[in-house]
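Below: the structure, in structure tokens.
We name chains A, B, ... by the order of the sequence lines, and we start the count at 1 in each one.
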Number of protein chains: 2
Amino acid sequence: MDAVYTAPGYLFRRMQQIAVAIFVEECKAYDLTPVQYASLVSIRAHPGIDATRLSAVIAFDRSTLGSVIERLEAKAYIERKPSPGDKRTKLLYLTKSGAALLRDIIPSVERAQARMLQPLKPADRKTLLALLTQLVDLNNEASRVPLRAEDALEHLGKTG
Amino acid sequence: MDAVYTAPGYLFRRMQQIAVAIFVEECKAYDLTPVQYASLVSIRAHPGIDATRLSAVIAFDRSTLGSVIERLEAKAYIERKPSPGDKRTKLLYLTKSGAALLRDIIPSVERAQARMLQPLKPADRKTLLALLTQLVDLNNEASRVPLRAEDALEHLGKTG
DNA sequence: TCTCGATTGACAGCATACTTACTATACGGA
DNA sequence: TCCGTATAGTAAGTATGCTGTCAATCGAGA
């Protein structure tokens, strides 16, 4: 019976499920999902980034990100502007309303992040985060969408 | 920048993403998803369980589970039989083909589970699993679909 | 300069996940 | 027995997350 409950895959799925539930609960006043939040934060950090590079920066599937961007644009939190140099790409920018939302939501997000680890003793929280960070990093290539944080810098080399 | 990458929520999402990718890769010969695998295992452990109880046993959303069961039935890995005592419920059983698949796929699943933790030192693997088990358990009520392992036993009390 | 391979964003399709709502059924108490 | 409440399964709607494919565009090399 506990062959299932102690399997790493089961624990990761369950923990992700719990983490999303906590995030949504803490942030329900803002109608923003974890994925949408991560996108906004990254666009703020890299104004003028394009969708493909954004997907690498937050380790998202490119196809999925398309609809996420659509929803953020529909809510007027971001804008898409055509790139002057490349007719294929559309550059992403926060709107004022998006920037304001981000400022407002941050306390709720931090409360959510804290709640996820709350049940553990402080020392155990640190240990868990350290091990997870290490594991995610070492397993980066195993995922279908490896994280490429450095990709975000490329467009800066070209445009600024 | 690393405010995002070290956030627990981000790490949990990323780790789940990696875990699923590894599972799918190891098991691609069997055309079975992690969720479908967990369902089959639990149906084998509790033959004649109904869908609602199954959802509690594997901490799945009941609505989602409906379509999962449909697909498993379409692939002829499980059967649904009407309950003699309750016209509302349909009881779930593995078919021979489902039982055979489960036997065959187990080595691949175990390889996948091992690969997820491979990059860590053996002692760290134990630590991580112990902390995660603890955290998932203590956060059980925070998720929208709390795990109710004991629910699986109820129908045994009535039928066997 | 022209063409070929790579890249970008869009789309279709499948599979999780969750919400709400609806129907059929079951069951306990008046 | 009848009624209110609870439960099982289903469906519709939204949002990830992945696989493909496609057309438009870009860029590099012949």
Any side-chain N or O of A:Arg80 below 4.0 angstrom from OP1/OP2 of C:dT8?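 No.
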
Within the structure, does a side-chain N or O atom of B:Gln17 lie under 4.0 Å from either OP1 or OP2 of C:dT16?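 No, outside the criterion.
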
Using heavy atoms and a sub-4.0 Å distance, could you list which residues of residues 29-37 of chain B are near DNA chain D? By number, please.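 Listed by number, there are none.
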
Atom [atom1] of [X] and atom [atom2] of [N]: how far apart are they, to the nearest Å?
X: B:Arg13; N: D:dA15; atom1: CZ; atom2: P; answer: 17 Å
X: A:Phe60; N: D:dG17; atom1: CZ; atom2: P; answer: 5 Å
X: A:Arg62; N: C:dA12; atom1: CZ; atom2: P; answer: 17 Å
X: B:Lys75; N: C:dA15; atom1: NZ; atom2: P; answer: 7 Å
X: A:Ile69; N: C:dG9; atom1: CD1; atom2: P; answer: 8 Å
X: A:Leu65; N: D:dT16; atom1: CG; atom2: P; answer: 10 Å
X: B:Met15; N: D:dG17; atom1: CE; atom2: P; answer: 15 Å
X: A:Gln16; N: D:dA15; atom1: CD; atom2: P; answer: 17 Å

Under 4.0 angstrom, heavy atoms only, what part of the nucleic acid is [X] near: base, sugar-phosphate, or nothing?
X: A:Val24; value: nothing
X: A:Val20; value: nothing
X: B:Thr64; value: base

Any [X] side-chain heavy atom under 4.5 Å of [Y] side chain:
X: B:Gln113; Y: B:Ile22; answer: no
X: B:Phe12; Y: A:Leu132; answer: yes
X: A:Glu79; Y: A:Leu92; answer: no
X: A:Asp50; Y: A:Ser83; answer: no
X: B:Leu129; Y: B:Lys126; answer: no
X: A:His46; Y: A:Leu54; answer: no
X: B:Leu117; Y: A:Pro8; answer: yes

Closest to the [X] side chain: [options]?
X: B:Thr89; options: D:dA8, C:dT8, D:dT16; answer: D:dA8
X: B:Asp61; options: C:dA17, D:dA8, C:dA10; answer: C:dA17
X: B:Lys90; options: D:dT10, D:dC18, C:dA17; answer: D:dT10
X: B:Ser67; options: D:dG17, D:dA8, C:dT16; answer: C:dT16
X: B:Asp50; options: C:dT8, C:dA10, D:dG9; answer: D:dG9

With nearest nucleotides of DNA chain D determined for B:Gly66 and A:Arg71 from heavy-atom distances, which residue corresponds to the more 5′ nucleotide?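 Looking at the nearest nucleotide for each, B:Gly66 comes out on the 5' side.
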
Would you say the ring centroid of A:Tyr5 lies under 6.0 angstrom from that of A:Tyr10?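 Ring-ring flag for A:Tyr5/A:Tyr10: true, centres closer than 6.0 Å.
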
Could you note down all residue pairs passing side chain to side chain donor-acceptor pair (under 3.5 Å) where residues 88-103 of chain B supplies at least one of them, sequence neighbours left out? B:Asp86-B:Arg88

Nucleotide-resolved protein contact map, nucleotides 22-27 of chain C, B/S/- at heavy-atom distance under 4.0 Å: --BBS-

Assess the side chains of A:Gln17 and A:Arg14: does a donor N or O sit below 3.5 Å from an acceptor N or O?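 Judged by distance alone, the side chains do pair up.
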
A:Ser63 (side chain) and D:dT19 (base): donor-acceptor pair under 3.5 Å: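 Per atom types, the contact qualifies.
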
